[in-house]
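Chain identifiers are assigned alphabetically (A, B, ...) following the order of the sequence lines, protein sequences preceding nucleic acid strands; residue numbering begins at 1 within each chain.
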Amino acid sequence: MQTMRRRIYTDGTIASSEITPETVFLNRRAFIAASAGSAWSWSAGAGAAQSTTDRADLAYSPDFDSTLEAEKTPVEAVTTYNNFYEFGTDKSDPARHAHAMTTDPWTVSVGGLVEKPGELHLEDLLSGFDLEERIYRFRCVEAWSMVVPWIGFPLSDLLRRFEPKSEGRFVEFKTLYRPSEMRGTRSFGSIIDWPYREGLRLDEAMHPLTLLAVGLYGKTLPNQNGAPLRLVVPWKYGFKSIKSIVEINVTDQQPATSWQTLQSKEYGFYANVNPDVDHPRWSQRFERRLPSSIFKPNRVPTVLFNGYGESVAGLYDGMDLRRFY
Amino acid sequence: MRWVMSPRLITCVVVTACVVPLALLAWQLAAGQLGPDPAKYVMQGTGSWALRGLLLVLCAAPFARLGWRGLFRFRRTLGVAVFVYATLHLLLFAQVYVGWDAPLLMEELEERPYVLVGFAAWALFLPLALTSTDAARRWLGRRWRLLHRLVYPATVLAWLHIYWLARSDIAEALIYGALFVGLLVWRMRRVRMG
């Protein structure tokens with residue numbers, strides 16, 4: 001029972017070797033060996049150019065505390081395997097097509113129930129906050145996962161500057177919607193009501209783990225990963241971590257979010273990682289930690305709140321997580 | 001063309017065409033070009049090609065009616081290829097997503113309608129593949145044609161499988177669906193007229 005508890009409520013202090021099956025390590029070794037050779041060539045194409053040439057170095061404080069250092073998903077995987085439906089529904093579409101998006105100049109408007117509504121520009125985002133590295137597990141609702149070294153600042157740092165009013169209870173986010181630069185939004189089969197929207201409860205938004213990322217692997221974000229500014233909420237499914245944000249509003253009503261609007265039975269507002277609440281079309285009990293392969297699928301058990309329960313479980317005290325999925 | 005290509009050569013070409021998508025997937029896989037989740041790509045690839053091949057098989061009769069019997073003659077080869085692709089697709093699902101865990105497979109079949117219809121489609125193909133030999137055809141006689149009409153419900157199930165799987169962009173499912181409905185309408189009209 002004791003070990004079960006520890007597995008369910010892990011925090012950063014547990015050695016990663018305790019959480020991770022040995023096969024993952026072995027597989028990773030094999031992977032490193034493979035990448036040292038010439039076999040690892042799938043980063044070819046526009047996406048690779050995006051991720052290696054256009055990205056600027058960032059000054060940040062490294063995540064020395066992380067026990068996930070050794071498990072980081074290779075940068076090629078992080079930047080070529082993305083869900084960013086504005087650029088197409090295939091995982092490789094964003095890396096191929098997101099370069100069309102203009103990210104400089106960039107303006108984020110912050111408004112709603114705040115004392116000082118205003119705007120932030122690209123320069124403010126990159127140099128106006130103390131940047132830090134956070135190595136987080138990232139669990140997609142589609143049952144694959146990665147470990148990503150993000151560079152960013154807590155969302156609470158940004159919200160405090162605009163002074164949320166006392167009646168504010170939620171935060172709403174919107175992604176850029178610019179059809180001329182986003183081929184996925186022009187697909188006739190696409191049934192998402194653009195722009196992409198997401199939301200958090202205000203206490204979730206103010207939680208110290210909730211990050212606004214401007215970079216990964218030490219440099220600014222590639223477009224396919226949500227440049228220049230994206231949300232990262234490590235204990236929730238990846239679709240909550242909205243990309244390329246242009247609007248942040250504090251509200252008193254729970255905001256309508258894109259996936260919930262589209263399929264409310266499949267995607268809830270909370271979307272906390274939870275192995276006991278299945279997606280109606282697939283089980284959430286396991287995830288494939290990428291890179292995965294046919295003979296080593298790298299299936300690992302999914303952990304409640306993606307392993308961040310010790311820090312965040314208190315946000316949901318007394319809530320039925322099956323009902324508020 | 002008959003004077004250029006012998007029947008044997010044509011058979012070679014058709015078989016090669018059936019193998020090309022699979023060979024391409026295998027080559028990309030071996031070359032490490034399929035990204036960090038190659039198993040999913042190969043699984044989707046084999047599934048997609050199975051459905052495309054299936055729709056091609058169903059096109060054979062209308063084309064033959066219009067005077068081009070090329071496809072019609074190779075329905076069996078194509079049909080067997082469809083079954084091979086569908087079987088690989090199923091095996092990959094068992095290996096990568098289910099991990100050969102029988103209770104988990106039962107749970108998937110019970111709770112995931114798309115898994116159930118996909119599996120049912122494959123199960124309907126199984127007797128068709130098994131009775132694709134000349135001997136089986138002779139043995140079954142008139143019942144063979146009746147049995148092989150199962151290809152229509154199997155196609156409906158296979159289509160439902162991809163339609164229910166689509167997360168937000170249903171363009172591909174709609175194209176296949178439109179094609180299939182077109183084929184069905186043609187078939188109904190033939191039945192009524194004939």
K.L.:
Would you say B/W139 has more than 12 foreign heavy atoms packed within less than 6.0 Å of its CH2?
P.N.:
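Not more than 12 within 6.0 Å, no.
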K.L.:
Of the non-hydrogen atoms in B/Y97 and A/R288, which two are nearest, and what is the gap between them?
P.N.:
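That would be OH-NH2, 3.0 Å.
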K.L.:
When you look at CZ of A/R186, are more than 12 heavy atoms from neighbouring residues, nucleotides or ligands closer to it than 6.0 Å?
P.N.:
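Atom CZ in A/R186 is packed in, count exceeds 12.
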K.L.:
Which distance, rounded to the nearest 0.5 Å, do you find between the NZ of B/K40 and the CH2 of A/W144?
P.N.:
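If we round to the nearest 0.5 Å, B/K40:NZ and A/W144:CH2 are 8.5 Å apart.
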K.L.:
Below 4.5 Å from any heavy atom of chain A, which atoms of B/E111 appear? Answer side chain, backbone, both or neither.
P.N.:
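Both parts, heavy atoms under 4.5 Å.
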K.L.:
Distance check, rounded to the nearest 0.5 Å: A/I294 atom CD1 versus B/L92 atom CG?
P.N.:
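That separation rounds to 5.0 Å.
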K.L.:
When you compare the side chain of B/P36 with that of A/T73, does any pair of heavy atoms fall below 4.5 Å?
P.N.:
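A/T73 vs B/P36: side chains apart.
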K.L.:
When rounded to the nearest 0.5 angstrom, what distance separates OG in A/S293 from CD in B/Q95?
P.N.:
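Here the interatomic distance stands at 8.5 Å.
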K.L.:
What part of B/Q28 gets within 4.5 angstrom of chain A, counting heavy atoms only: side chain, backbone, both, or neither?
P.N.:
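Neither; nothing under 4.5 Å.
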K.L.:
More than 12 heavy atoms of other residues, nucleotides or ligands under 6.0 Å from CZ of B/F63: is that the case?
P.N.:
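12 or below, so no.
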K.L.:
Should the heavy atoms of other residues, nucleotides or ligands under 6.0 Å from OH of B/Y41 be counted, would the total exceed 12?
P.N.:
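No, OH of B/Y41 has 12 or fewer neighbouring heavy atoms, counting only those of other groups under 6.0 Å.
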K.L.:
Salt bridge between A/K91 and B/D37, side-chain N to carboxylate O under 4.0 Å?
P.N.:
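Salt bridge between A/K91 and B/D37, a charged N being under 4.0 Å from a carboxylate O: no.
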K.L.:
Determine the minimum heavy-atom distance between A/R299 and B/V98, stating which atoms define it.
P.N.:
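In this case the closest contact between A/R299 and B/V98 is NH2-O, 3.7 Å.
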K.L.:
Can you see which heavy atom on A/S292 is nearest to which on B/P38, and at what distance?
P.N.:
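Heavy atoms of A/S292 and B/P38 come nearest at O-CD, 2.9 Å.
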K.L.:
Taking every non-hydrogen pair under 4.5 Å, which of B/L174, B/I175, B/L104 racks up the most with chain A?
P.N.:
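When all of B/L174, B/I175, B/L104 are compared, B/L104 has the most.
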K.L.:
Shortest non-hydrogen contact from B/R112 to A/P280?
P.N.:
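Of all heavy-atom pairs spanning B/R112 and A/P280, the closest is CD-O, 3.5 Å.
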K.L.:
Would you say that more than 12 heavy atoms from the other residues, nucleotides or ligands in this model lie under 6.0 Å from the CH2 of B/W100, or not?
P.N.:
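For B/W100, atom CH2 is crowded (more than 12 foreign heavy atoms under 6.0 Å).
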K.L.:
Does any part of the side chain of B/E107, heavy atoms only, come nearer than 4.5 Å to the side chain of A/D278, both counted from C-beta?
P.N.:
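A/D278 reaches B/E107 side chain to side chain.
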K.L.:
Please determine whether the number of non-hydrogen atoms from other residues, nucleotides or ligands lying under 6.0 Å from atom CZ of B/R52 exceeds 12.
P.N.:
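For B/R52, atom CZ is crowded (more than 12 foreign heavy atoms under 6.0 Å).
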K.L.:
Once rounded to the nearest 0.5 Å, what's the spacing between atom CG of B/L34 and atom OH of A/Y81?
P.N.:
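Answer rounded to 0.5 Å: 11.5 Å.
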K.L.:
Roughly how far, to the nearest 0.5 Å, is CD of B/Q44 from CG of A/D90?
P.N.:
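These two atoms lie 7.5 Å from each other.
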